[in-house]
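Heads up, the thing below is written out as C-alpha cells.
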Amino acid sequence: MTRTNLEFKTEVKQLLDLMIHSLYSHTEIFLRELISNASDAIDRAKYESLTNSSLMENDKEWKIRITSDKDAGTLTVSDNGLGMTKDEIIEALGTIARSGTKEFMAALQNKDVKDNPELIGQFGVGFYSSFMVADRVAVISRKAGLDRSSGVRWESAADGHYTVEDIEKEKKGTDVILHLKEDEKKYLEEWEISSVVRRYSDYIEHPVVMEVEREKESELKKGEKVKIREDETLNSMKAIWLKDKSDITEEEYNQFYKHVSHDFSDPAKVIHYRAEGTSEFSALLYLPSHAPMDLFYKDYKIGPTLYVKRVQIMDHCEQLLPLYLRFVKGVVDSADLPLNVSREILQSNRLVEVMNKSITKKILDTLTEMKEKEFDTYLKFYKEFGRVLKEGIHYDFSRKEKIADLLIYESTKKGADTYTTLQEYVDTMPKEQEEIYYILGSSRTEALSSPYLEAFKAKGYEVLVMLDEVDDFIMNSLHEYKGKKVKSVVKGEIELDKKEEKEKKETEKKFKEMIELIKHQLTDDIKDVRLSGRLKETACCLVAEEGGMDPQMEKLLKSMGQDVPENKRILEINPEHALFAAMKEVFDKDPKSLVLEEYINLLYDQALLLEGSKPKDPGAFAAAVTKLMIKNAEKSA
Ligand code: ADP
C-alpha cells in the first residue's frame, strides 16, 4: 500500500499552531467535538439509508464507541456512520477552507477568546481540537456502501504534514485514534471519560458506549464477586424536547442549550412548546444571552436543528425562522414532514410555512412578555440582539407594528439609561402633537445639545434619542406608528407652531428677495433656502429632505469608504432671529453689499458646523470670523 505525504493548507497549519500553543484550558471539549462528528456521520448514514438500505451493511445498531488503551496510550472514538473516501478525508481534514476558520483565527488574536477557549465550538473547527490533547492523531475510515478494500488511513502529528494511505477496513465508519500527550493521559480514565460525555454529550441521540470493568456477583458461586468487562452506555440520549415541561429542570434546559448552541453561558430565555392543529411539532428554542461573534457574518448559520420524528434531518433549517430572528437556537421536531424532505421541498412546503409562522409568533410573543414582565432581562437581550430584531421592521411588513412595539429608546424627556417605547411615547404626547420625533446621534450628550431640538424643547415635545445608525433606516421603513408619522428632527419641513396663514405670508414676503439672494450665492452647495419652523435661538441650520439620508448615516458610510450620492441640503433660516433683521436692513440699503456676501458664506459655514460637518474652507472661515472680531473690537474700543 502506498503512503502519500501531503502538506496541510496554510490556513490549517496556522489553525493547528494556535490550537496547540494558545489554548490550554477546557481541553476536554475535544471529546464533545469528536462525538458530535461521529453522531453527524451516523445521522447522515441513517438518513441516506432511508432510500438506500444497502448502506446499513447488516449493521443495524448505530453506535459511537470510545476505547481507552492504557498500554498504547490511545483514546479512540469510533462510529459506524457514513465514513469518508480518500478524497473526502483529504478535503475534510487537510484542506478545509471552512467558513468559520478564518473568523475563528481572527477572533483568536483577540484576548477574549484566548481567555475563553470554549468559544472554539462556535466556529466548527472541531476535529482539530484533538491536537490540544494528542501529539499524533490517526483517522481510519471507510465509506458506507463501498467494499472493504476502499478504506483510508489518515495520520498527522500536526507538524505541517499528514499522510494518507489505502487500507482495508472491514466495517463502515470512522475511528479517530488519539495518541495522548503525556500530561493528558487522564483522558484514559473511565470516570474522566464518562463525566465529560455526560457533561457535553448527554443528549446525543446515539448511544456512546465504552467497555468498562465492573464487579458483579458470581453466577457460579453465591456471595463471591468477579470482575467482568461489559459495554456501558454513557449518555442518556433523551430527546429533551419531547418531554413534558414539568419534567425538565432549569439545569437540564441549560445543559441542552449548551449542547445545541456550542455556547458556554446560560441562555436568556427558554421557549418550549408543542403545536397541534394544521402542523404538529415540538419546539425547544432559546434566546442566547450573548451575541456570538459571527452573528453579522455572511456565513452565520441560521435556524434550529430540524428533526422529523426524532431523526435529525438538518443542522440548521433556515426556513423555520425569519432572518431577523437568526439569533434563536434550538430544535424543532415535526410529526408530519416526510423523512426524506430535501432543502428544495422545505422551501415551498406549506407545513414548513405554518411552522415558521407559529415559531415567529411564539418568539415575538415571548419577547413582548419579557419586555413587560422582566424588563431588565429584556434590556440585556435588546442590547445584544436589538439590532438584528429591528431588521424585521424593514423585511416583515405584516409584523411591522408588532416588532415596532419591541423597540425601546432613550428620549429627551427620560434620564440616561431610561427607556421608552413607541406606545408610551404616543400615549403621553400632548394632544396637539401630530408626529413622532427622533434624533440620531453618536452619543446621548451630542444628541441632546443639538440645535435641531430647540423648537421641540420650547414646545415640551419629547424626542426619541437613537444611537444606532441603522435606526434611521428602520424609522424610514416604519414610516408611521399608530397612525402617527415618524419623523427625524433633522429632515423635512417641521412646523410645530401653526402660524396664521396671513402672518406666514407676510414673513415670507418680507424675506423673499433676500432668500433669493442667499440661494443664488450658495447655489453650488445647497438645494434650497427656506424659513425654519424648528429653530428658536439659533440663526440657521441645514436639513435633509424628508426621506433623505441622515447626515450621521452619511458620515458613517463615507468613513466606511462607501460611495454616497451627493445630497444637497436645505438651508433653513430663523426669521425671528435678530441677525436676519440686521441683514435685511443691509439688503434694503444695498443688495450687492460685500458685507452681506461675507455673512451669507459665514451663515452656511455655521450651519455646517452645527450639523457636525466642517466648514467648506476652514481657512477662509477663520479669516472671516477674525475680521469680524477685529471690527467689533475696534467699535467697542
Ligand atoms: P465540522 O464537524 O464542524 O464540519 P470538523 O473539523 O470537526 O468540522 O470536521 C470536518 C469535516 O470532517 C466534517 O464536516 C466531516 O465532513 C468530516 N468528518 C469529521 N469527523 C468525521 C466522522 N467521524 N465521520 C465522517 N466524517 C467526519
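Whatever order the structure lists ligands and atoms in, that order sets their numbers, starting from 1. Please read these numbers as outputs of a predicted model, since none were measured by experiment.
Scored by the side chain to side chain donor-acceptor pair (under 3.5 Å) test, Lys329 finds Tyr300 as partners (sequence neighbours excluded). Contacts of Asp43 classified as side chain to side chain donor-acceptor pair (under 3.5 Å), with partners at least two apart in sequence or in another chain: His206.
Backbone and side-chain nitrogen or oxygen atoms of Tyr128 are examined, and none is located within less than 3.5 angstrom of a nitrogen or oxygen of ligand 1. Checking only distances, Asn37 does come within under 3.5 Å of ligand 1, N or O to N or O. Any N or O atom pair closer than 3.5 Å counts here, and Leu93 shares no such pair with ligand 1.
Taking a cutoff of 4.0 Å between a charged side-chain nitrogen and a carboxylate oxygen, Arg387 and Glu469 qualify as a salt bridge.
Not a single heavy atom of Glu33 sits under 4.0 Å from any atom of ligand 1. Using a non-hydrogen distance threshold of 4.0 Å, Leu82 does not register as a contact of ligand 1.
Ligand-side atoms of ligand 1 in range of Ala92: 10 (C), 11 (C), 12 (O), 17 (C), range being under 4.0 angstrom from any heavy atom.
Nearest-heavy-atom check against atom 25 (C) of ligand 1 across Ser141, Ser36, Ala41 picks out Ala41.
When side chains are defined from C-beta on, Leu242 counts as touching Ser282, because their heavy atoms get closer than 4.5 Å.
A side-chain N or O of Asp396 and one of Ser398 form a donor-acceptor pair less than 3.5 Å apart.
Residue Gln255 holds its CD atom at 13.5 Å from CD1 of Ile248, rounded to the nearest 0.5 Å.
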